[in-house]
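Working notes, beginning with the structure itself.
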Amino acid sequence: MADLTIEGIGQIKPSSIKGDVWLTCIECGKTYPPFDFVIYRCQKCGGLLEVRYENLPTFEDFSGSGVWRYKASLPFEMGVSIKEGNTPLYTVPRIESDVGVEALRIKHEGMNPTGSFKDRGMTVGVRVVQELGVKRLACASTGNTSASLAAYGSRAGLEVIVLLPAGKVAMGKVAQASLHGAKILQLDGNFDECLDIVTKLADEGEVYLLNSVNPFRLEGQKTIGFEILEQSLEEVGRYPDRIILPVGNAGNTAALYKGFRELVASGALKVKDVPKITAIQAEGAAPIVEAIKSSASHVQRWPSVETKATAIRIGNPVNAPKALPAIRGTGGTAVTVSDEEILAAQCELAEEGIGVEPASAASVAGLRKLRSEGVVGKEEYVVCLATGILLKDPDAASFAREAPKEIPASVEDVMQAILN
Ligand code: F0G
């Protein structure tokens with residue numbers, strides 16, 4: 001049963017705050033001005049911070065296109081923009097009928113400017129940087145964050161440093177970060193270790209951190225949920241019962257919940273209409289699933305992680321304290337899928353013309369599993385989030401099928417090869 005709480009979201013502005021935006025610690029409730037100084041976590045208890053607003057949006061406040069259509073729910077009127085958001089909601093009739101749900105749509109976040117949902121967060125995050133006046137931006141990344149930060153940071157004329165786990169980032173993502181001009185440091189460690197190091201540098205004031213621990217990034221990402229609701233009403237005629245997404249650092253999970261709670265708090269959305277947030281992790285990197293299955297209050301770090309879905313090869317999800325309530329509060333759930341199931345789902349999507357990177361296909365693999373277990377009902381309308389585009393990981397894509405055949409350049413040989 002859903003146990004969604006909007007406590008705090010509709011909070012009255014603290015008297016110490018001048019504007020209509022501030023930061024609140026989700027653990028102890030301490031509040032901070034948003035742009036007076038750099039802050040990532042509560043100075044009192046170390047808890048995660050959340051952006052809070054005096055005015056909460058209703059659907060009537062939204063106008064325009066893309067992430068900035070939702071400016072009434074964001075800290076600025078406009079950000080450093082490369083026209084992010086407004087991604088398509090695709091039908092997949094064959095998967096829909098094969099899985100056996102009333103309706104299935106794929107929200108393809110790979111159709112963003114740098115090919116992943118990260119752009120929604122960066123358009124807001126890099127705008128905050130301009131407010132704070134910092135010049136050197138950094139992130140740890142499994143790839144997509146680095147590509148996005150490189151593009152948005154460059155566009156804003158800022159220095160970008162990215163820390164990547166050496167040998168574990170898909171080629172397309174490294175190429176993007178490189179071409180957009182980031183300084184790429186490949187570390188002999190996994191993503192979590194890269195994040196530990198860049199967090200330390202950020203705490204020492206050497207860099208400004210744009211990983212999803214940064215609460216402003218999640219503000220941009222919550223617009224995925226707003227778009228899904230608006231598109232669903234228009235294209236499917238109702239809100240989804242469930243949103244299924246691949247989970248790594250759990251930023252999206254947290255962001256979707258934040259957005260929905262704001263709409264509930266403003267009266268724009270009924271609690272019963274909030275989609276069940278359903279998290280999918282790879283078997284070899286599943287600390288969130290472990291915590292949900294064991295009803296734990298905290299996530300335990302997995303020191304070693306492995307999956308072919310390199311984007312979600314994460315053992316210490318920094319947003320877990322926000323993500324566990326998101327899954328529980330909406331009546332969602334969390335399951336693991338194997339690499340084989342992920343790659344099969346990637347092929348299935350490709351057969352419907354939708355090209356996604358492996359991590360993205362985890363949502364469809366998870367839907368299959370949950371439907372076969374009866375957790376997802378046949379009457380449900382489900383939206384699966386596809387987080388990144390196929391071209392991010394050309395190796396994974398080209399090894400997924402039969403290798404191209406090499407044959408002599410003659411009509412006969414070509415015809416013979418076609419028939420074989
Ligand atoms: N899918 C893709 C394609 C991703 O790149 C990521 C995260 C996720 C899903 C998981 O999202 O962290 O919000 O749960 N990639 C990060 C990166 C970690 O560095 O690009 P999450």
Side-chain angles (χ1 to χ4, degrees), residues 87 107-112 114-122 125 138-151 162-165 168-170 172-174 176-177 182 184 187 190-192 194-195 198 209-214 217-218 220-222 224-225 243-258 277-282 285-289 299 305 307-320 322-324 326-327 334 337 342 346 355-366 384-393 396:
T87 56
K107 177 71 171 164
H108 199 349
E109 284 297 298
M111 304 302 274
N112 272 298
T114 76
S116 84
F117 67 90
K118 306 288 179 180
D119 298 343
R120 292 183 188 263
M122 290 305 171
C139 69
S141 183
T142 56
N144 282 322
T145 302
S146 69
S148 185
L149 179 59
V162 305
L163 273 59
L164 307 180
K168 296 293 183 183
V169 176
K173 303 173 188 178
V174 183
Q176 285 181 290
I184 303 174
L187 274 61
N190 63 25
F191 167 82
D192 301 302
C194 292
L195 187 56
V198 78
L209 186 62
L210 271 160
N211 279 98
S212 57
V213 65
N214 186 318
R217 260 204 41 200
L218 301 189
Q221 287 173 213
K222 79 186 176 189
I224 300 175
I243 297 176
I244 305 186
L245 74 164
V247 171
N249 238 353
N252 267 340
T253 315
L256 288 173
Y257 190 49
K258 167 93 182 336
I277 297 176
T278 301
I280 313 298
Q281 294 197 295
I288 295 265
V289 177
V299 162
V305 279
T307 167
K308 290 195 170 114
T310 51
I312 51 172
R313 189 173 168 274
I314 294 175
N316 189 29
V318 68
N319 284 298
K322 292 178 174 175
L324 296 181
I327 297 164
V337 287
I342 290 174
Q346 188 191 22
V356 304
E357 66 164 290
S360 300
S363 54
V364 171
C384 283
L385 209 61
T387 41
I389 200 161
L390 170 147
L391 294 170
K392 293 280 192 177
D393 194 343

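Note: hydrogens, waters and symmetry copies are ignored here, and every other heavy atom, side chains too, is used. When a ligand or atom number is given, it counts from 1 through the structure's own listing order.
By the side-chain hydrogen bond (donor to acceptor under 3.5 Å, both in side chains) test, K258 is found to be paired with E219, E262, residues two or more places apart in sequence or in another chain being considered. When the side-chain contact (heavy atoms from CB on, under 4.5 Å) test is applied to A282, the partners found at least two apart in sequence or on another chain are T307, I312, D339, I342.
With hydrogens and angles ignored, the 3.5 Å screen pairs a side-chain donor or acceptor of R217 with a backbone N or O of L210. Without hydrogens or angle criteria, T253 side chain to A323 main chain gives no donor-acceptor distance under 3.5 Å. Judged purely by atom type and a 3.5 angstrom limit, S148 has no side-chain atom pairing as donor or acceptor with the backbone of T145. Remark: side-chain polar atoms of S363 are not paired, donor with acceptor, to backbone N or O of L245 under 3.5 angstrom. For the pair Q346 (side chain) and V356 (backbone), a donor-acceptor distance under 3.5 Å is present. Between the side chain of N214 and the backbone N or O of L209 there is at least one donor-acceptor pair closer than 3.5 Å. Between the side chain of Q281 and the backbone N or O of V289, at least one donor-acceptor pair lies under 3.5 Å. Between the side chain of N190 and the backbone N or O of D192, at least one donor-acceptor pair lies under 3.5 Å.
F117 CZ, 3.5 Å is the protein heavy atom nearest to atom 11 (O) of ligand 1. Scanning the protein heavy atoms around atom 8 (C) of ligand 1, the nearest turns out to be I312 CG2, 3.6 Å. Regarding atom 21 (P) of ligand 1, its nearest protein heavy-atom neighbour is A250 N, 3.5 Å. Annotation: atom 4 (C) of ligand 1 to nearest protein heavy atom, A311 CB, 3.5 Å. Looking only at protein heavy atoms, the nearest one to atom 5 (O) of ligand 1 is N144 ND2, 2.8 Å. Residue, atom and distance of the protein heavy atom nearest to atom 1 (N) of ligand 1 are T387 OG1, 2.6 Å. The protein heavy atom nearest to atom 20 (O) of ligand 1 is T145 N, 2.8 Å. Among protein heavy atoms, the minimum distance from atom 15 (N) of ligand 1 is reached at K118 NZ, 2.9 Å.
Atoms of ligand 1 found under 4.0 Å from any heavy atom of N249 (numbered from 1 in listed order, with element): 12 (O), 14 (O), 21 (P). Within ligand 1, counting atoms from 1 as listed, the ones closer than 4.0 Å to a heavy atom of T142 are 15 (N), 16 (C), 17 (C), 18 (C), 19 (O), 20 (O).
Residue S141 has at least one nitrogen or oxygen atom sitting less than 3.5 Å from a nitrogen or oxygen atom of ligand 1, judged on distance alone. Polar contact check, S360 against ligand 1: no nitrogen or oxygen pair lies under 3.5 Å apart. No N or O atom of V247 sits closer than 3.5 Å to an N or O atom of ligand 1. Inclusion of E357 in the set of residues having an N or O under 3.5 Å from an N or O of ligand 1 is not warranted.
Contact annotation: for K173 versus ligand 1, there are no heavy atoms closer than 4.0 Å.
In this structure, a donor-acceptor pair under 3.5 Å is absent between the side chains of K168 and T142.
S116 does not count as a contact of ligand 1, since none of its heavy atoms falls under 4.0 Å from the ligand. For the ligand labelled ligand 1, residue I314 lies inside the 4.0 Å heavy-atom shell.
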